[in-house]
**Student:** 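Mind having a look at this structure? Questions to follow.
All residue numbers in this chain count up from 1 along the given sequence.
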Amino acid sequence: MLYLQYARFIAPLALTLIAQGFSSQFLSGGMARLPQATSVLAAYGVAWGLADFLASPLSQLNQLSLVLAANHRARRRIQGFALMGGACLALVLALLALTSAGDWVILRGHGLSQSVGDSVRLTLIWLVPIPLCEGLNRSLAGLLMRARRTEVVSYATLASIGASIGAVFALVPSGLVRAEPMCLPLLVAYTGILVYLGVLLWGYRRWVAPTLPPDGEVPGMGYLFHFFWPLALVMAIQGLSRPLINFFVARGPEGQESLAVLAVVYSLAHLPYGWVNEVRSLAPAFRAEPQGLHPIRRFAAGCGLLSFGIMAVAFWTPVREYLLNPLLGLDPVLAGRCQWPLFLFSFFPLAVALRAYFHGVALVQHRTRALAPSAPARIGIIWAVMLLLPESIPGATRGVGALLCGFILEAGVVWWGVRGRPILNQLKEGP
């Protein structure tokens, strides 16, 4: 029965991420069928990578609400903290789009042509509200997770996916998109975000607002920052991974084609393994259960193995060709370059399951600082691998290989910070 409760808690969150992945495939397929498809995929991949990097620290706000939002006063404090952080990151995104700093990051840093760089900057302007939307959505999702109403998060995602897919089909043949192809991903993205936010607000008012006590202990801004900054650092570094890889890949041989491949494989590969990250929410949500963490640990291992098996079937067999050609509509050259990156992505769930379990342990124990060293370890190994691997290896394959090394080292450092170091300290202290 306990494992069934875990599955009922995780299933809606997993469905959420899988559905988001399917939405990304429809969007990629829509862009692949537009005029100048390669340049659109490359430009949107760079712009979204930068916006996602700046919004990534806020993705852990759901954990803040899950652990600390015990009453309405605490909830208001956390949401104010979320909006303040989102506004600061939105300002940084605007500066990248409108100032000379953007020239260095977009044109010089990525080595893009002037036309693609201009498209990236215009896209960034339209993506400025993304951090604010991310902060609000994540804080609401955390409140619903605290109430164990994860199915509402799933409803929000399904509604968002339906709206996004409908927008793709409606917009691809339109004159607006044919004249300005970048309008397609932007309009689809905001359609999904607004629908998602609307359903979360409905779920909060229906199930969370009536059950939260009006008063109680309120964490101060200092404590919120102390609890949150290690999580934000970890997510910022994880978000930085993609722009860093894009930086190296864009400057290598056939950079634009490799960026287009990465834009496809990131979203496709994330589909079967991204949900494993939600294992980290099990320990905070079920912290009151008398059985402790042992069954959660076994459940996390099972999730990692299940995801690995799904990816092996999808990316090691002829199913891969179906996904890339008829489904996404890629031309044979781009589809061929996706083979090895997708093979390497198959091993990600094993590292993700280990990392997610110990991440959840750190949340329960309020020891988020133990997670902080994993961030520089991940980015350092990615940098080193991208420098060391020869450029004769295709850029997308080098990028995913470096990212896999980052995931493995990050999982090891998280284990050491949460579990390994306390054991060593106990041995030093003796009986």
Side-chain angles (χ1 to χ4, degrees), residues 10 14 17-18 20-21 24-25 234-235 237-242 244-246 248-249 258 261-280 297-324 335-360 371 374-375 377-390 393-416 418-420:
I10 286 289
L17 293 173
I18 292 172
Q20 287 173 341
S24 298
Q25 306 321 308
V234 169
M235 295 309 299
I237 296 299
Q238 290 180 2
L240 181 59
S241 300
R242 181 169 175 177
L244 177 62
I245 290 170
N246 287 347
F248 280 100
V249 170
S258 295
V261 170
L262 286 175
V264 171
V265 300
Y266 277 139
S267 59
L268 181 60
H270 195 263
L271 182 63
Y273 88 83
W275 62 272
V276 181
N277 282 301
E278 297 304 328
V279 168
R280 65 191 169 200
R297 183 162 58 246
R298 290 193 294 182
F299 186 82
C303 289
L305 291 173
L306 173 63
S307 179
F308 172 76
I310 293 172
M311 296 183 78
V313 171
F315 302 147
W316 299 6
T317 69
V319 175
R320 181 187 66 245
E321 303 304 324
Y322 172 78
L323 295 174
L324 295 175
R337 292 179 178 178
C338 293
Q339 177 180 352
W340 281 106
L342 289 174
F343 174 81
L344 293 174
F345 260 121
S346 303
F347 297 95
F348 278 50
L350 303 178
V352 170
L354 177 66
R355 182 187 68 188
Y357 169 74
F358 284 105
H359 190 125
L371 305 174
S374 66
R378 169 169 167 161
I379 207 67
I381 194 66
I382 289 175
W383 189 289
V385 171
M386 291 302 293
L387 287 174
L388 293 175
L389 286 178
I393 299 175
T397 303
R398 283 193 300 129
V400 176
L403 190 60
L404 175 60
C405 293
F407 269 56
I408 293 172
L409 182 60
E410 181 184 25
V413 173
V414 168
W415 171 85
W416 172 253
V418 176
R419 181 65 176 165

**Student:** Taking ring pair (Phe, Tyr, Trp, His ring centres under 6.0 Å) as the test, write out the residues that go with F407, two or more places apart.
**Tutor:**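 By the ring pair (Phe, Tyr, Trp, His ring centres under 6.0 Å) rule, F407 matches F348.
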**Student:** Indicate the atoms forming the closest heavy-atom contact of F308 with S346, along with that distance.
**Tutor:**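 That would be CD1-O, 3.1 Å.
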**Student:** Quick test of your reading: applying salt bridge (charged side-chain N to carboxylate O under 4.0 Å, His left out), list the pairs with at least one residue in residues 303-318, sequence neighbours left out, ordered by first then second residue.
**Tutor:**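 Checked against salt bridge (charged side-chain N to carboxylate O under 4.0 Å, His left out) - neighbours excluded - no pair reaches residues 303-318.
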**Student:** Could you tell me which residues satisfy side chain to side chain contact (heavy atoms under 4.5 Å, CB included) with I245, sequence neighbours excluded, listed by chain and number?
**Tutor:**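 Applying side chain to side chain contact (heavy atoms under 4.5 Å, CB included) to I245 gives V249, L262, Y266, I382, L403.
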**Student:** Give the minimum heavy-atom separation between A377 and V413, together with the two atoms involved.
**Tutor:**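 The answer is CB-CG2, 3.8 Å.
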**Student:** Sequence neighbours left out, what passes ring pair (Phe, Tyr, Trp, His ring centres under 6.0 Å) with Y357? Give chain and number order.
**Tutor:**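 Scan of Y357 (ring pair (Phe, Tyr, Trp, His ring centres under 6.0 Å), adjacent residues dropped) gives none.
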**Student:** Might you point out which heavy atoms bring A300 and V279 nearest each other, and give the distance in Å?
**Tutor:**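 Looking at all heavy atoms of both residues, the closest pair is CB-CG1, 3.5 Å.
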**Student:** Which heavy atom of P272 sits nearest a heavy atom of S307, and at what distance?
**Tutor:**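 For P272 and S307, the tightest heavy-atom pair comes out as O-OG, 2.6 Å.
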**Student:** Residues in side chain to side chain contact (heavy atoms under 4.5 Å, CB included) with F343, at least two apart?
**Tutor:**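 Here the qualifying residues are W316, W340, F347.
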**Student:** Salt bridge (Lys or Arg N to Asp or Glu O under 4.0 Å) with E410: which residues, sequence neighbours excluded?
**Tutor:**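 By the salt bridge (Lys or Arg N to Asp or Glu O under 4.0 Å) rule, E410 matches R355, R378.
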**Student:** Checking L388 now: which residues fulfil side chain to side chain contact (heavy atoms under 4.5 Å, CB included) with it, not counting sequence neighbours?
**Tutor:**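 Once residues adjacent in sequence are excluded, L388 has no partner under the side chain to side chain contact (heavy atoms under 4.5 Å, CB included) criterion.
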**Student:** Tell me the closest heavy-atom pair linking R419 and F358, and the distance in Å.
**Tutor:**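 Closest approach of R419 to F358: CB-CE2, 3.5 Å.
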**Student:** So, R280 side chain and A356 main chain: donor-acceptor pair closer than 3.5 Å or not?
**Tutor:**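 Pair absent, no side-chain N/O of R280 close to backbone of A356.
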**Student:** Compare every heavy atom of L409 with every heavy atom of I381, then report the nearest pair and how far apart it is.
**Tutor:**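 Where I381 meets L409 most closely, the heavy atoms are CB-CD2, 3.8 Å.
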**Student:** Could you work out, with salt bridge (Lys or Arg N to Asp or Glu O under 4.0 Å) as the rule, every residue matching R398, not counting sequence neighbours?
**Tutor:**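 For R398 there are no salt bridge (Lys or Arg N to Asp or Glu O under 4.0 Å) partners, ignoring immediate neighbours.
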**Student:** Sequence neighbours excluded, which residues qualify as side chain to side chain contact (heavy atoms under 4.5 Å, CB included) partners of A353?
**Tutor:**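 Testing A353 for side chain to side chain contact (heavy atoms under 4.5 Å, CB included), a comparison that skips the adjacent residues, returns V276.
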**Student:** Once rounded to the nearest 0.5 Å, what's the spacing between atom SG of C338 and atom CG of L323?
**Tutor:**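 The distance works out to 10.5 Å.
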